[in-house]
Amino acid sequence: MRFLLIIKATEYSEAGLADGKDYREAMISYKKSLAKKGALLADEELQPSSTGLRITYPKKGGKPQVLAGPFPVNQDLIMEYMLINVSTEDEALNWALRMPVPKVRGKYEIELRRLKEKLESIQDPRIKAMEASLQDHLNMLKKI
């Protein structure tokens with residue numbers, strides 16, 4: 001099962017303020033633990049919303065409106081996400097609860113969402129075969 005760990009933006013992340021060294025090191029260690037277990041599929045940090053655009057479509061159709069950031073933090077902005085692959089929702093929750101939290105930054109929020117498994121994929125079957133082969137190799141290496 002694939003889950004998305006969504007780390008919500010804060011006033012600090014939106015201002016572009018760096019987290020402390022202890023927190024950064026704890027987060028690196030956490031991500032290495034996920035990777036070592038073979039659970040980490042992706043890990044990306046987003047730029048502040050001041051660099052983003054928002055496209056809004058009117059309810060009754062018509063031309064979309066494009067707005068430039070920054071956007072208010074109270075609109076559930078995303079600071080970072082991690083895509084993990086685990087066996088159960090409980091395992092995903094346990095990983096989310098193990099994530100380091102900066103101590104001095106006020107409210108910190110992580111959202112955990114399961115991805116829908118697609119029955120049909122537009123991905124090239126050759127890529128799927130290569131992924132399966134790579135996964136077999138990774139599983140073999142884990143046993144060593």
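Remember, it's a predicted structure, so these values are computed and weren't measured experimentally. Hydrogens, waters and symmetry mates play no part in the numbers below; they use all other heavy atoms, side chains included.
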For a 4.5 angstrom cut-off between non-hydrogen side-chain atoms, does [X] reach [Y]?
X    : Y   : value
Q65  : I55 : no
M82  : E44 : no
R114 : M1  : yes
Y81  : I7  : no
M99  : L5  : yes
Y108 : M79 : yes

Measure the [atom1]-[atom2] distance between [X] and [Y] for me, rounded to the nearest 0.5 Å.
X    : Y    : atom1 : atom2 : answer
S49  : L67  : OG    : CG    : 11.5 Å
R54  : L77  : CZ    : CG    : 6.0 Å
E91  : F3   : CD    : CZ    : 9.0 Å
Q135 : E131 : CD    : CD    : 9.5 Å
L40  : L34  : CG    : CG    : 5.5 Å
S29  : R98  : OG    : CZ    : 9.0 Å

Notebook entry, point to check: Salt bridge or not for E80 and K31, using N-O below 4.0 Å?
Noted result: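 Counted as a salt bridge, because a side-chain N and a carboxylate O are separated by less than 4.0 Å.
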
Notebook entry, point to check: Thinking salt bridges, do E111 and K8 make one under a 4.0 Å N-O criterion?
Noted result: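 Salt bridge between E111 and K8, a charged N being under 4.0 Å from a carboxylate O: yes.
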
Linking I/L/V/M/F/W/Y whenever their side-chain heavy atoms sit closer than 4.5 Å, directly or via other members, would [X] and [Y] fall into one cluster?
X    : Y    : answer
Y57  : V66  : yes
L112 : L115 : no
L97  : I84  : yes
L93  : L83  : no
L4   : W95  : no

Checklist line | Residue E109 excluded, over 12 heavy atoms near CD under 6.0 Å | finding: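 Yes, the 6.0 Å shell around CD holds more than 12 heavy atoms from other groups.
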
I need the minimum non-hydrogen distance between [X] and [Y], along with the two atoms involved.
X   : Y    : answer
G38 : K142 : CA-NZ, 3.6 Å
T10 : K107 : CG2-O, 3.7 Å
P58 : P64  : CD-CA, 4.2 Å
S13 : P48  : O-CG, 3.8 Å

